[in-house]
Amino acid sequence: MDAIAIISIFVLAVFVGFEVVSKVSSTLHTPLMSGANAIHGVILVGAIMVCSHSSTTLELVLSVIAIVLATINMIGGFVVTDRMLEMFKGKKGANK
Amino acid sequence: MDAIAIISIFVLAVFVGFEVVSKVSSTLHTPLMSGANAIHGVILVGAIMVCSHSSTTLELVLSVIAIVLATINMIGGFVVTDRMLEMFKGKKGANK
Amino acid sequence: MNQSLYDLIGLAAGVCFILALKGLSHPKTARRGNIIGAIGATIATVVVFFKPPIHNLGWILSAIAVGAAIGVPAARKVQMTQMPQLVALFNGVGGGAAALVAMVEYQALGAEATTAEVIFTVFTVVVGCVSFSGSVITFMKLQELMTTRPVVFPGGRFLIAATLAAVLGSSVWVVIALGTTPLLVLAALSLLFGILFVLPVGGADVPIVISLLNAFTGLTVAASGYVLQSTLLIIAGTLVGASGTILTRLMADAMGRSLFGTLFGAFTAKPQDLAGAAEERPVRSGSPDDVAILLNYARRVVIVPGFGLAVAQAQHTVRELADLMISKGIDVAYGIHPVAGRMPGHMNVLLAEANVPYDQLAEMDEVNPTFGQTDVAIVIGANDVVNPAAQTTPGCPIYGMPILEVSHAANVIFLKRSMRPGFAGIENELLYDPKTMLLFGDAKASLTKVVSALKAL
Amino acid sequence: MNQSLYDLIGLAAGVCFILALKGLSHPKTARRGNIIGAIGATIATVVVFFKPPIHNLGWILSAIAVGAAIGVPAARKVQMTQMPQLVALFNGVGGGAAALVAMVEYQALGAEATTAEVIFTVFTVVVGCVSFSGSVITFMKLQELMTTRPVVFPGGRFLIAATLAAVLGSSVWVVIALGTTPLLVLAALSLLFGILFVLPVGGADVPIVISLLNAFTGLTVAASGYVLQSTLLIIAGTLVGASGTILTRLMADAMGRSLFGTLFGAFTAKPQDLAGAAEERPVRSGSPDDVAILLNYARRVVIVPGFGLAVAQAQHTVRELADLMISKGIDVAYGIHPVAGRMPGHMNVLLAEANVPYDQLAEMDEVNPTFGQTDVAIVIGANDVVNPAAQTTPGCPIYGMPILEVSHAANVIFLKRSMRPGFAGIENELLYDPKTMLLFGDAKASLTKVVSALKAL
Amino acid sequence: MQIAVPKEIREGEKRVALVPDVINKLTRLGLDVVIESGAGTHSQGTDAEYESAGAKIVKGDVLKSADVVLSVQPLTPAQMGTLKKGAITISFLSPTTAVDSIEAAAKAGVTALSLELVPRISRAQSMDALTSQALCAGYRAALVGAELSPRFFPLLMTAAGTVTPAQVLVLGAGVAGLQAIATARRLGAVVSAYDVRPASADEVRSMGAAFIELELEALEGAGGYAREMTEDRAAKQRELLTPYIAKSHVVITTAAVPGRTAPRLMTQAMVDSMEPGTIIVDLAAETGGNVEGSKPGEIVTTSKGVRIWGGKDVPSQLAFHASSLYSRNVVNLLTLLTKPEKDGTPLSFDINFEDEIIAGATLTHNGERRGGNK
Amino acid sequence: MQIAVPKEIREGEKRVALVPDVINKLTRLGLDVVIESGAGTHSQGTDAEYESAGAKIVKGDVLKSADVVLSVQPLTPAQMGTLKKGAITISFLSPTTAVDSIEAAAKAGVTALSLELVPRISRAQSMDALTSQALCAGYRAALVGAELSPRFFPLLMTAAGTVTPAQVLVLGAGVAGLQAIATARRLGAVVSAYDVRPASADEVRSMGAAFIELELEALEGAGGYAREMTEDRAAKQRELLTPYIAKSHVVITTAAVPGRTAPRLMTQAMVDSMEPGTIIVDLAAETGGNVEGSKPGEIVTTSKGVRIWGGKDVPSQLAFHASSLYSRNVVNLLTLLTKPEKDGTPLSFDINFEDEIIAGATLTHNGERRGGNK
Ligand SMILES: NC(=O)c1ccc[n+]([C@@H]2O[C@H](COP(=O)([O-])OP(=O)(O)OC[C@H]3O[C@@H](n4cnc5c(N)ncnc54)[C@H](OP(=O)(O)O)[C@@H]3O)[C@@H](O)[C@H]2O)c1
Ligand SMILES: NC(=O)c1ccc[n+]([C@@H]2O[C@H](COP(=O)([O-])OP(=O)(O)OC[C@H]3O[C@@H](n4cnc5c(N)ncnc54)[C@H](OP(=O)(O)O)[C@@H]3O)[C@@H](O)[C@H]2O)c1
Ligand SMILES: NC(=O)c1ccc[n+]([C@@H]2O[C@H](COP(=O)([O-])OP(=O)(O)OC[C@H]3O[C@@H](n4cnc5c(N)ncnc54)[C@H](O)[C@@H]3O)[C@@H](O)[C@H]2O)c1
Ligand SMILES: NC(=O)c1ccc[n+]([C@@H]2O[C@H](COP(=O)([O-])OP(=O)(O)OC[C@H]3O[C@@H](n4cnc5c(N)ncnc54)[C@H](O)[C@@H]3O)[C@@H](O)[C@H]2O)c1
């Protein structure tokens, strides 16, 4: 992939990121942060990739640790976000 | 540029486009449409490119027409949008 | 110029376009947004000349000069009321340009073209042509060069379906057979389809169709971007395509129209359906947002309450609106007609309940001379007390009664539920005045919406 | 699996993440958003196994299992109040993972690495390590494993500046010299910098720092994406980086903190400054949005007006709020204490002026038994009439007076301007209760904001 | 041209036909204003104030030399006799009760205009003294109800228990009734109301009160007034209203049908259905009474402890503002009759029967009786 | 244990110390209630209602056998003499004016509690009859002002011209004053107010009225009451208030200083500065009058045409609700004195001077006088 494409993607993603959260009420700040936190757990994909082609033991060890950490980040992140959001759980169906 | 990059750019641009205008008051519908209309006048860039490397007369004629049309679209579009927006011209500086 | 730098500058132009659309979405930043867009377009156009090799420079520059010479005066001189058709025309020429660019590039690529490129070319040609011819028809409708009524003729539905099929067929043909002839056939069929597609659209739906064609043109630009390997065109085109689509839906919603009905009216409408539509005197009805914007940019607003305010029990809401305007630095007064309501002092009782300070209330004689300096008179559930018939129509039941002369204000807004007359039972010409905007609905509900909209500005 | 298909699926996961963030920005769609995010992550993780060649599959799967075995129970069992520190920890390990991935990939690339790749690697390692160590410190602060006060020591500013310089220096060293050792030194220095960076941050600013570190981690992921040639990682990382940045600013705004002050406190703060900060009893103060959300999701709300409502002349606004809640199907009552205000019947006079229907007013004896079924009691400018001291503190001036027992409601919201007591001049313990949220400001201004926020939901 | 205002001689009449404030409107037209000394005493207009407003104060008779006589109560037949031929008199000259005065006016060749007969068209609203005086009466009625009631009107929740709001029922929601509703509502009472005109339901609700819907056909006549109804319907109406009356703490009645005695809305039995200590305010007491047993100008206490206040000269009880509103009505009507000085033609009066208002309001002219047009 | 309520014998007193509604609160405690026949006549409580509420009706004297006597006005010295030794009496027993009754009570060995002396602490608010009765008086004061005024209170813009709102000035913004403000504001008047206590500025504004700031030092004593002031300051206050008074249409005065004659807020000259037709309502007329020339129970018209209404038994004019509030106050105080039946110990009364309320309110006990604590 060439640089300009990557930069374009980066710039556009920045805009999407900005726009999407620009009007969020403060009660959602923490859940949103937590959700975003879980999302960057996809580094797990990277960790798997490097683990898969790691050749030395050091690489293997480090990448296995990376996988563990990334998994904690990702799975734990989504679960804890869900728990935070429990208060919004159809407490009132009649809402609008 | 590879396909996946183009598609990524396309998808992200769609999101940006959606998000950016999703909450616009109806009085701005027409100016916004007109502004967007002017923006697609950048086809002028394409027209210039094809004109520049056009080899046959047919190509030249067509691409010159394309340039004329695209210029009308772009310049006219921005000017007319600006005129539409005159009502918002600092009629009241005291506003907020 | 270095390709990367060139591309980066193109990306910068793309960012300008994003910022332009963002700016255009808010009244306060709209002008700035438009200017940013223009800057982006300028950057993009200028930078293309720095990407050698450039041939035919003379032709290019002359063509740009001609385009500018046509576009700028047209845009400058057009009257407020004719702007929509101009936008339609501009959009059409943009679509035409995109189609031409694709056709030229197709010629240039010749046999080298990949299938993907051919498909994108076909898309650009079809949609560009549809956008061109469709826009021209909408232009003619709006300019009243042809009837504004839906044009429906027997068998029209079949003709349009057949044309569509032919367009699709020849698209396939182009992809398989390549060559110029199929492409020209395709272009011709697409132009025809554009015409047929727009003809059955009725007057009120035209702006929606313009917006849709605008989004179409955006997509063709994005497709050209693919063929021409230009990230900028891809981004700009996609942006316009996406925002145009959303905008079309928003417009349809705001006008209470079904998007589907508007677009496929051509296929579903039967002639008698449309011919039967009653021809009513036109009134200008607006949305709470429109009212809010008018108020937001006013320096002086006079509120004229009447019986409808009492019926709706909207006294608290009207006070809220007034307070909000005052907090924005707008000069607000209530113009109280001596017989507004159904009881002497009805409005006083009502407004006192909402704690409106007495000094904001102005008697008729006091407020009438000020309408000339009033930007907006907002008439809430009143009718007879502002009816000019009292001055102009001898013999009508209110002839000779002094009225609140709201028609001297720069804008008049009426909040009422319908076109029904008031107590005296006579029509109010002011409702049909071009400077009048009607906001239909229960006064309380309408005011609540206006307050929200005004707060959001 | 075909590379294009693989990439497309990755893009789909990216779209999921966008939708997830979008969803998480609105109360109604927040849960759904989180689930979409989880789906996206699952897709991304699963699909990576279909991109051969995959080695070390056993290791990989076991590592995932271990990670899940640690993460899920931790997330499940944590108490509501401890969630922020868990988020900090999760963020930290994410940052650590990114740093590790970059280091491994750096090893793997060896001498083949382009300068750009090296720069990105350096970036990932530095920021990932800072994020890791910084998050661990914030975790410890929040978990009260160490003091929550800003830790400032003489010369700290110079130490931190020196560390930063060292980090930059060794970054350059890595880029020029390449090799493992410089990278390890860089990692160590970055870890140290992370610690020093967070230590001087005071308790209230910690959430802001977590959010910032979260955005940092996002950027490291994006950088890894560049090195690993993964569009998905670029998109996901950038999204988190961008939204995290905005979010950090929003959080700082909402808490009335300066972002700059928070971040660069480390460089600018002098020890005595911070040591001097008064140690006050903590109260939970919220924003109008918080109040609006609590109200929006309540089934029953009791409004308790007091003298402050009269002072603020907020009777019309409170009625507006009540009407709005009723229109949302919430059961609303006003709990009127017999001595609320400064005159018998003060609240009645006030609320009658705003046209509050008499049947919404409930006497103390009537409303007290219902607080148990009340989700939110919103106390507006009242104090003594809800002060539990009347029941618990013999000898205080209000002892023995019956009160409105708002503390039985699930949530209590106080609208007042300060922590000052009411007429009787005695402190109200309820203000410090964990279930109490305070919204400071003039009652009318606060209510107006709550109404807007509630309308927007 | 001389405009004269005599002192009102009827017992209990405290209003005056011109207050000092409006005199300049007449003098500006070129008219001379003569006021009988002491005419404004009860409405806070001293002779001195009149004088400084530009009027001439005359002790004793002002009628003989007058071109126009303005009064609240109609002139007596004797007074009519003393007027110049061709003079104009404007007052509440009721064609049903002031028959003698009208006779006398016709005989004296006087042009007599009645404010009661000003048609109810929008243009005439500024001359509509019935409306302006009904406004005063309605306001007073609610105040009297509050004043006499041993209960609070508003709801008050106090440390000594809750005071429940008074239930006020208004029968007849014309101008006076609506104002009574407004005033009682302002004081915090729970107000409901009933009227025979169908339009009044919306009007009542627009005041924030509840409208009582009875299953009866509506009755609306010309000019927004009610029509008289059959005894059958009246009885049915009374029957249906009884439960509402029984639970009211204050009942205010204002029902009237122009030119008729007031409809009987409440019988003795209905009065007796009310609790002791409740109050009835009968604004129609002078024209026959909406309530059985009401006496104008008196408070009758029934054996069951219900007090009935019978209205008499009610607008006079608000003499200052009632006079001030009345004066403006009169001046507006007078202005309509006046042809200002123009191109040499001097100021004159012009009784132009083309004008629907003048045609409607004039009862005698040039020695002849006219019907009024209502 | 017998609780007795005699008929009030003072002229003009229409309240009753117990209304039927509250009797069950006493009987539920195990107390017997005896009511003198006709005690509730003026406050709409018939003997029958009392009986069905659980009281015993006795014709003639009820005092002799009573353990507790509840009344509004203090018992006369003679009545005190007829009580059992050790009996309790609760009423508005003023230590300044009812000296004889207090003497007699001490002599008779009666425990006499005064509602006037209940301390103004939050817990005692439910027994604070001064407040509940002041509430009634303040409401009445505004109504009387509206009733007497020849002007409308509200602003009304009508076809016959605009009626400008009345300017109402309230002097003394205690409980009665605030309620007067509220009521006058409800009717649409433009209200301003003045009080010496600094806290009252906020209180007045919280009612939506304007507070008049005079450049004088504030005066606040114990329990939220005002202190008396020097004659100098009083004169200065009067001087500064004069311009506000001169432009008012209605002035309502409610100023009081506990245990003193009412402060003189308005001199004859200030009264004369007002326009003819203006109204002064002096709620303090009975305790010496805030206004020079006011007479309790009378409407005095000055030579300049200003009418001064002197309040007398004002809460009695709202007898139903005043009694009902008073009854609850009395019952709450009585409940405080009552030790309910428990574990075999029978119901009894317990005058526990540890309790600040009882200590404050008791004037005589066991033959001795006590100071009250205020
Ligand atoms: N003041 C008096 O003493 C008195 C007494 C009797 C009669 N009048 C007469 O009453 C008239 C007063 O004039 P006006 O302008 O106040 O009233 P009007 O002429 O009767 O007009 C009232 C308007 O309010 C609208 N409306 C009714 N309910 C509404 C609601 N809920 N929300 C929004 N709009 C509502 C109606 O239109 P829609 O139906 O389309 O909504 C109507 O056109 C004059 O003709 C006057 O002569 C006055
Ligand atoms: N009802 C009566 O007859 C009567 C008469 C006299 C005394 N009292 C006494 O008054 C008290 C009444 O209790 P309460 O709860 O109604 O009042 P309170 O205890 O005096 O509390 C009022 C609260 O309102 C807040 N406040 C004031 N202005 C405000 C504004 N503009 N916006 C928002 N908040 C504002 C104040 O806090 P901030 O300063 O922090 O904003 C204060 O804590 C009781 O102690 C009662 O005994 C009652
Ligand atoms: N268009 C105008 O210029 C104008 C001006 C003033 C009033 N009006 C209309 O005229 C109406 C009547 O005015 P008014 O107050 O002078 O009338 P009014 O004094 O003659 O009667 C008072 C009310 O009593 C009602 N009534 C009569 N018989 C009744 C019965 N048996 N039971 C119950 N109610 C009964 C009438 O409907 C009327 O509303 C007003 O409501 C007003 O809307 C119109
Ligand atoms: N805490 C409680 O439980 C409680 C209960 C009831 C009342 N209060 C407070 O006590 C205050 C006084 O109550 P009250 O109405 O019974 O008092 P009051 O009847 O003794 O006096 C009435 C008012 O007159 C004012 N006044 C006295 N001298 C004055 C002068 N020279 N000029 C102007 N004003 C003068 C007083 O300040 C007071 O506000 C109330 O305002 C209230 O806030 C407290």
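Residue numbering restarts at 1 for every chain, and letters A, B, ... go by the order of the sequence lines.
Contact annotation for A:I75: only side-chain heavy atoms (C-beta onward) come within less than 4.5 Å of a heavy atom of chain D. D:P53 touches chain A through its backbone: at least one of N, CA, C or O sits under 4.5 Å from a heavy atom, while the side chain does not. Only the side chain of A:L60 has a heavy atom closer than 4.5 Å to any heavy atom of chain D. Looking at D:I210, the atoms closer than 4.5 Å to chain A (heavy atoms on both sides) sit in the backbone and in the side chain alike. Contacts between D:A222 and chain A at a heavy-atom distance below 4.5 Å are absent for every atom of the residue. For a residue to count as touching a neighbouring chain, one of its non-hydrogen atoms must lie under 4.5 Å from one of that chain's; by this rule A:M33 touches chain D with backbone and side chain alike. For A:L32, the parts lying near chain D are the backbone and the side chain together; criterion is any non-hydrogen pair under 4.5 Å. Both the backbone and the side chain of A:A47 come within contact range of chain D, judged by heavy atoms closer than 4.5 Å. Interface remark: D:S211 contributes backbone and side-chain atoms alike to the contact with chain A (heavy atom separation under 4.5 Å).
The closest side-chain heavy-atom distance from A:V50 to D:L228 is below 4.5 Å. Here the side chains of D:I60 and A:S52 are in contact, with some heavy-atom distance below 4.5 Å. Side-chain contact check for A:S63 versus D:V101: every heavy-atom pair is 4.5 Å or farther apart. Residues D:E105 and A:H53 form a side-chain contact, since some pair of their non-hydrogen atoms from C-beta on lies under 4.5 Å apart.
Each of D:I64, D:L232, D:L213, D:L239 has some count of heavy-atom pairs under 4.5 Å with chain A, and the biggest count is that of D:I64. Heavy-atom pairs under 4.5 Å with chain A peak, among D:A38, D:A292, D:G237, D:G71, at D:A38. Taking D:A108, D:G33, D:A13 one by one and counting their heavy-atom pairs under 4.5 Å with chain A, the maximum is reached by D:A108. Contact count against chain D (heavy-atom pairs under 4.5 Å) is highest for A:I39 among A:L44, A:I39, A:L12, A:V16. The greatest number of non-hydrogen atom pairs below 4.5 Å with chain A, out of D:V72, D:V78, D:T248, D:V66, is found for D:V78. With chain A as partner, the option from D:N34, D:V240, D:V48 having the largest number of non-hydrogen pairs under 4.5 angstrom is D:N34. Chosen from A:T56, A:I48, A:L58, A:L62, the residue pairing most often with chain D at heavy-atom distances under 4.5 Å is A:I48. Of the listed residues (D:I35, D:T42, D:L100, D:V104), the one with the most heavy-atom contacts under 4.5 Å to chain A is D:V104.
The minimum heavy-atom distance linking D:A242 with A:A13 is given by the pair CB-O, 4.4 Å. Of all the heavy atoms in A:V21 and D:L250, the pair that sits closest is O-CD1, 3.6 Å. D:G94 and A:I43 make their closest contact through O-CG2, 4.2 Å (heavy atoms, listed as atom of the first residue, atom of the second, distance). Shown here for A:F78 and D:A41, the closest heavy-atom pair between the two residues is CE1-CB, 3.6 Å. Nearest heavy atom pair, residue A:A66 against residue D:A97, reads O-CB, 3.5 Å. Among all heavy-atom pairs drawn from D:A75 and A:V80, the shortest one is CB-N, 3.8 Å.
The structure places OG of D:S224 at 10.0 Å from CE of A:M49, a figure rounded to the nearest 0.5 Å. The CD1 atom of A:I9 lies 12.0 Å from the OH atom of D:Y226; values are rounded to the nearest 0.5 Å. Here D:I246 contributes atom CD1 and A:F18 contributes atom CZ; the two are 4.5 Å apart, rounded to the nearest 0.5 Å. Rounding to the nearest 0.5 Å gives a distance of 5.0 Å between CD1 of D:I293 and CG of A:L28. For the atom pair CE of A:M84 and CZ of D:R31, the computed distance is 13.0 Å after rounding to the nearest 0.5 Å.
Side chains of A:S54 and D:N56: a donor-acceptor N/O pair is present below 3.5 angstrom, by distance only.
Applying the side chain to side chain donor-acceptor pair (under 3.5 Å) test to residues at least two apart or on different chains, the pairs with a partner in residues 34-48 of chain A are A:S34-A:T81, A:N37-A:H40, A:N37-A:N73, A:H40-A:N73, A:H40-D:N91, A:H40-D:N214.
Formation of a donor-acceptor pair under 3.5 Å by the D:R76 side chain with backbone atoms of A:V79 is not found in this model.
Within residues 19-26 of chain D, the residues approaching chain A closer than 4.5 Å by heavy atoms are, in numerical order, D:A20, D:L21, D:K22, D:L24, D:S25, D:H26.
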